[in-house]
Amino acid sequence: MSKVLSSAKENFLFVVVLIGLVPMVLTNNYYLHIINLAGIYTLITLGLNLLFGYTGQVSMGQAGYFAIGTYVSALLMFNLQFSFWLTLPLVLITCAVGGAVIGIPAMKLSGPYLVLATVGFGEIIRLILLNWTPVTKGAAGLTGIPLPEFFGIKLSSEQDFYYLIMSFLLLGTYIAYRLAQSKIGRTFSAIREDELAAEAMGVPINRYKIAAFIISAMYAGIAGALYGGFSGVASPDNFTFEDSVGFLCMSVIGGSWSISGAVIGAFMLTILSEALRAFQAYRLIIYGVILIFTVIYMPQGLAGLIQERKIRIVARLNTVKPSGRP
Amino acid sequence: MQYILNGLPIGAIYALVALGFSLTYASAGVLNWAQGDIVMLGAFLGFTFFQVMNLGFSVSLCISMFTLAVIGIMVQFFILRPLQKRQAPEINVVIATLGVAIIMRNIALIIWGADAQIIPSPVSNNPIQFSMLSITPQDILIIAIGILIMLILQVFLKYTTEGRALRAVAQDRYAAIVMGIDAERSDAIAFAASSALGAAAGILVAPVFFITFNMGVGIGLKGFVAAVIGGLGNIPGAIAGGFFLGVVESLAGGQISSGYRDAITFALLILVLWLKPTGLFLQKTRQKV
Amino acid sequence: MKNKKIIGMILVVLLVGTSLVGLTGCSNTVSQKVLKIGVIGPESGGAAQLGQGQRKAIQLAVDEINAQKLAGEWKLEAYFEDDEGNPTKSASATNKLIQQSQVNVIIGAIHSSATLADMVITQRTGIPQLTAGSTGASITEQGNKWVFRTAVNDEFQANALLKYAKDVTKVTKIATLTAADDYGQSGEKLLIIAAQKEGLELTNKSTYNNGDKDFKPQLLSIKDSGAQAIFMWGLYNDAALIAKQAKQLGLNVQLFGASGMAAQKLIELGGDAVQGLILTQTFLPSSPDQKVSEFVNKYKNQYQEDPIPHAAQAYDTVYILADAVKKANSNKPDALRDAIAKTTGLKLVTGNPQFDDKGNDIGKHLLITAIKGNMYELIQTVSTN
């Protein structure tokens with residue numbers, strides 16, 4: 001993880017300035033809208049990559065936390081007149097609880113069993129949102145979610161949201177990076193490399209696994225809160241199983257082992273699915289082909305291609321059984 | 001109770017799909033996300049052969065199963081093999097099969113359109129009453145054919161060379177290779193068999209539930225759940241899981257809440273997994289250092 | 001290693017290439033008198049038949065109007081985007097149509113959640129949006145002056161059905177079986193209110209999820225509750241299955257439904273089980289009304305299939321726009337919006353459009369029909385004013 005952002009401070013500032021200049025150059029609202037959406041999704045993939053990169057666990061239920069973020073934030077703003085910023089700590093807490101709810105059973109699970117448990121979680125959340133009509137307004141969902149305010153200014157245009165989302169994204173990336181560098185991060189890596197050895201060394205594996213789930217849930221939750229203000233509406237249709245699968249694809253295609261992978265994956269797939277509109281009915285077929293190709297010929301994702309670093313594929317339960325020509 | 005009886009034909013369908021999942025997982029270690037869409041393709045092909053080209057019902061069933069077996073082998077050859085050669089992580093394989101599923105679904109949309117289609121049932125749909133309970137001949141047919149197919153599968157696995165090779169590979173791939181079994185060929189057979197199973201499930205389902213291009217999504221997920229409940233890779237487990245799921249859904253949906261039915265099913269699933277992390281019928285293997 | 005790199009590079013270039021190509025919209029045509037209509041609907045995913053029906057009907061209308069110069073000097077252009085029934089994608093599509101194709105008005109979407117998401121953008125930009133398929137009540141309750149609904153009003157339908165059930169079918173205990181989506185949920189609410197008004201007892205209220213195929217658990221619990229009629233609110237696939245399964249369970253009660261399921265396919269898929277099913281709709285394909293039969297024939301000739309109600313509503317929506325742009329003689333947002341609001345004097349396939357101050361079309365036909373043999377038979381016309 002440490003090789004991802006080298007000579008940190010200078011590069012970082014350079015990137016920040018570059019990001020800041022974009023809306024001045026790119027005035028097309030549609031493009032900005034897509035970038036904003038990709039930015040929100042990147043927060044989710046960051047969480048996924050932290051989860052996978054640290055404990056090798058996979059989640060196909062992130063849409064559930066994404067939804068919790070949006071709904072909790074919106075409902076607090078509606079019912080208790082909280083400001084957008086005030087809802088954030090509560091979003092974090094709720095998602096942390098949600099993360100633990102799945103993290104605890106997930107400790108014992110791996111592979112497809114884990115996948116299914118996370119799918120189940122995502123679906124349960126969606127069904128609650130759909131059926132608990134008095135609170136969540138059911139299928140019609142929430143409308144008129146208030147816009148976030150920054151020192152009294154209502155953030156309403158694509159440009160405004162761009163700065164808001166990018167700020168969160170930079171913060172999220174920074175946190176992820178520091179986490180990777182820290183002792184906690186190194187412990188996580190040890191778990192990912194060889195769980196048994198780590199356990200033998202006295203690492204409380206289960207606690208770390210749950211923590212990973214909680215962290216990824218919190219990232220998705222913040223993304224959700226941002227999404228609420230950004231789109232102004234929310235309904236269970238936004239948070240389906242297909243969406244969870246989409247987030248996982250972004251993580252894998254980008255490269256599920258790194259921070260840059262999260263950014264690349266989210267941006268590439270968001271832009272790609274918009275760009276493919278030109279192909280009408282064949283759109284999704286091409287999408288499927290690209291998925292297959294990328295996953296076969298670029299197993300480390302796009303980030304792996306660009307980094308070109310030798311990843312030791314841990315010969316463990318994680319890999320597919322080898323082809324068997326005797 | 002009627003609810004339990006009602007869950008059986010559905011359970012048989014889920015069991016067939018679950019078998020497909022378990023077969024490919026056991027032998028090739030692959031979670032084939034496209035299994036549900038294979039069911040859909042089988043149903044649509046059956047529709048085309050039966051309704052449009054006016055071939056007989058059994059003929060349509062056989063050609064459909066055969067075509068899908070071929071498609072299954074193609075998937076194994078073009079997609080699974082390259083992944084295996086590159087020692088790709090498990091999640092990559094899942095995403096690859098997901099890509100296949102998306103492609104199948106949208107090709108079906110283009111070929112057959114967005115409307116639902118129907119295959120008329122070979123037997124009647126009118127209920128027969130046994131004292132308090134009723135069941136239709138159609139339901140009986142589904143359960144009967146379902147069990148028949150499962151029996152054929154068991155025979156295949158126990159008594160044929162290919163079947164036994166498959167089981168050997170499933171049990172311990174390395175050992176099987178060392179013993180001279182061509183594991184890749186086994187993989188192909190596993191894919192062919194599970195695809196044929198899927199096609200059969202599709203055609204059985206078609207008169208009851210109609211055929212739509214996106215029916216694979218729901219059926220695939222339910223079949224996967226059933227397979228996991230029984231223990232992925234465990235053949236009898238898949239069958240048990242299928243029936244179990246069908247009955248539970250029926251009870252939960254009718255007696256507790258129709259809206260939250262799936263939520264209840266999933267919650268139950270998570271509970272099962274917590275108590276038995278590898279499903280009801282599989283033992284958790286101790287990790288050897 | 002080198003091979004892998006090359007393949008990888010090619011892939012990345014391809015990806016970036018398609019992105020750039022796909023994102024650039026067509027550059028503007030000279031500003032003659034052109035009304036650019038953006039159309040958003042689900043053309044893939046669960047409700048694909050609705051989105052595709054909408055698209056076909058709109059294309060048909062646009063071609064006709066242009067050929068016969070029915071919009072005065074104005075020419076219509078339609079731009080279609082698929083939202084897959086997903087509100088996020090719908091909002092992106094709206095953005096794209098406004099920014100890249102520079103549309104003057106939007107017809108969309110079909111899913112209420114998607115329409116609501118689009119409304120945030122059309123309101124911010126300030127262009128009219130008409131939905132020919134969304135029935136969620138909240139759409140016209142937002143105080144949004146840019147939004148109009150040309151989809152049939154669900155409240156009228158629910159009221160008409162319950163009144164008929166009480167007066168003619170003479171049942172006292174009813175049950176509802178509705179889809180757990182915005183269409184079904186809003187229908188359920190309206191059915192319950194209407195039942196209360198008519199003094200009928202609601203013995204069971206069940207729902208199903210989109211994509212569900214097994215309704216027997218719900219039907220069994222309805223049977224146990226002693227209901228004498230079942231009111232469905234969903235699409236035709238589900239309705240046909242429900243009818244069949246009810247029959248299989250020996251549950252032979254009167255079935256009622258609404259325009260969402262009114263399609264020829266319902267009869268084809270349901271067979272015996274749907275005979276006698278009563279439903280409300282705005283559009284009876286077999287009607288002797290000249291406008292209707294002309295539309296049905298033209299649609300059938302063009303697309304070799306029967307039009308669904310959503311198609312008819314979308315078709316009429318284009319005609320409303322053609323009339324509005326002709327009368328306003330402008331495609332500027334405010335003028336166009338005002339002209340739409342003042343629509344009057346048109347006789348279209350699904351009614352004589354007239355918008356109330358919330359943007360609902362209150363001029364739609366409301367017909368109570370029953371399935372007899374291979375077609376729908378009119379049994380009562382209801383006035384909606």
Side-chain angles (χ1 to χ4, degrees), chain A residues 28-34 37 40-41 127 130-131 133 137-145 156-158 227 230-240 242-243 253 267-281 283-284 286 290 293-294 297-299 302 304-306 308, chain C residues 1 4-5 7-9 11-12 14-23 25 43-45 80-82 84-89 91-93 95-100 111-114 116-121 123-125 136-139 141-142 179-186 189 207 209:
Chain A
N28 183 319
N29 268 341
Y30 171 55
Y31 292 160
L32 272 177
H33 183 91
I34 304 296
L37 211 53
I40 292 179
Y41 290 151
L127 287 166
L130 188 59
N131 284 292
T133 349
K137 304 257 177 15
L142 307 171
T143 54
I145 301 181
S156 59
S157 70
E158 297 290 345
Y227 181 76
F230 177 62
S231 99
V233 295
S235 92
D237 286 344
N238 281 107
F239 309 109
T240 64
E242 270 87 27
D243 292 294
I253 301 280
F267 272 83
M268 272 272 87
L269 281 187
T270 308
I271 295 178
L272 185 69
S273 71
E274 277 296 309
L276 286 177
R277 279 183 189 282
F279 295 99
Q280 306 276 10
R283 195 173 87 242
L284 288 167
I286 298 176
I290 292 180
F293 248 71
T294 314
Y297 294 108
M298 292 192 273
L302 291 169
L305 194 67
I306 297 174
E308 193 66 270
Chain C
M1 261 312 161
K4 207 172 79 168
K5 252 198 149 168
I7 295 178
M9 281 298 147
L11 256 161
V12 173
L14 267 174
L15 275 174
V16 175
T18 44
S19 314
L20 290 176
V21 165
L23 282 178
E43 301 198 33
S44 54
F80 298 94
E81 290 291 342
D82 177 6
E84 299 171 40
N86 179 313
T88 311
K89 298 219 165 96
S92 301
N95 249 309
K96 181 175 183 196
L97 285 168
I98 294 178
Q99 186 76 35
Q100 306 290 84
H111 291 81
S112 292
S113 53
L116 286 166
D118 300 344
M119 275 164 59
V120 174
I121 302 174
Q123 184 171 30
R124 195 189 301 160
T125 319
S138 52
I139 290 175
E141 300 293 322
Q142 306 272 319
D181 59 15
D182 52 63
Y183 179 59
Q185 279 187 351
S186 99
K189 220 183 335 188
T207 62
N209 286 318

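The chains referred to below are lettered A, B, ... by the order of the sequence lines, with proteins before strands, and numbering in each begins at 1.
Between Leu116(C) and Ala140(A), the shortest heavy-atom contact is CD1-O, 3.7 Å. Ala180(C) approaches Leu130(A) most closely through the heavy-atom pair O-CD2, 3.2 Å. Closest heavy-atom contact between Asp237(A) and Ser113(C): OD2-OG, 2.6 Å. When all heavy atoms of Arg124(C) and Phe230(A) are compared, the pair lying nearest together is NH2-O, 4.3 Å. Contact between Asp82(C) and Arg277(A) at its shortest, heavy atoms only, is O-NH1, 2.8 Å.
Comparing Gly138(A), Ala139(A), Gly141(A) by heavy-atom pairs within less than 4.5 Å of chain C, the highest count is held by Ala139(A). Contact tally against chain A (heavy-atom pairs below 4.5 Å) for Thr207(C), Asp182(C), Asp181(C): the top residue is Asp182(C).
Judged as a side-chain hydrogen bond (donor to acceptor under 3.5 Å, both in side chains), and not counting sequence neighbours, Ser273(A) has no contacts. Residues passing the side-chain hydrogen bond (donor to acceptor under 3.5 Å, both in side chains) test with Tyr227(A), sequence neighbours excluded: Asn238(A), Thr88(C).
When side chains are defined from C-beta on, Leu37(A) counts as touching Ser92(C), because their heavy atoms get closer than 4.5 Å. Looking at heavy atoms from C-beta onward, Leu32(A) lies out of side-chain contact with Asn95(C) at the 4.5 angstrom threshold. Using a 4.5 Å heavy-atom cutoff, the side chains of Asn209(C) and Leu127(A) are in contact. Side chains of Thr125(C) and Asn29(A) form no contact here, defined as non-hydrogen atoms less than 4.5 Å apart. Taking 4.5 Å as the limit, some side-chain heavy atom of Arg283(A) sits within range of a side-chain heavy atom of Glu84(C). Using a 4.5 Å heavy-atom threshold, the side chains of Ser44(C) and Leu284(A) count as touching. Side-chain atoms of Val233(A) and Met119(C), non-hydrogen and from C-beta on, never get closer than 4.5 Å to each other.
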Go through the steps to decide whether Thr240(A) and Asn86(C) satisfy the test side-chain contact (heavy atoms from CB on, under 4.5 Å), and finish with yes or no. CA-CA 9 Å; Thr240(A) 64; Asn86(C) 179 313; 5.6 Å; no

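With a threshold of 4.5 angstrom between heavy atoms, Thr133(A) approaches chain C through side-chain atoms but not through N, CA, C or O. With a 4.5 angstrom heavy-atom cutoff, Gln185(C) touches chain A only via side-chain atoms. With a threshold of 4.5 angstrom between heavy atoms, Ala93(C) approaches chain A through its backbone and through its side chain. With a 4.5 Å cut-off on non-hydrogen atoms, Ile286(A) does not touch chain C at all.
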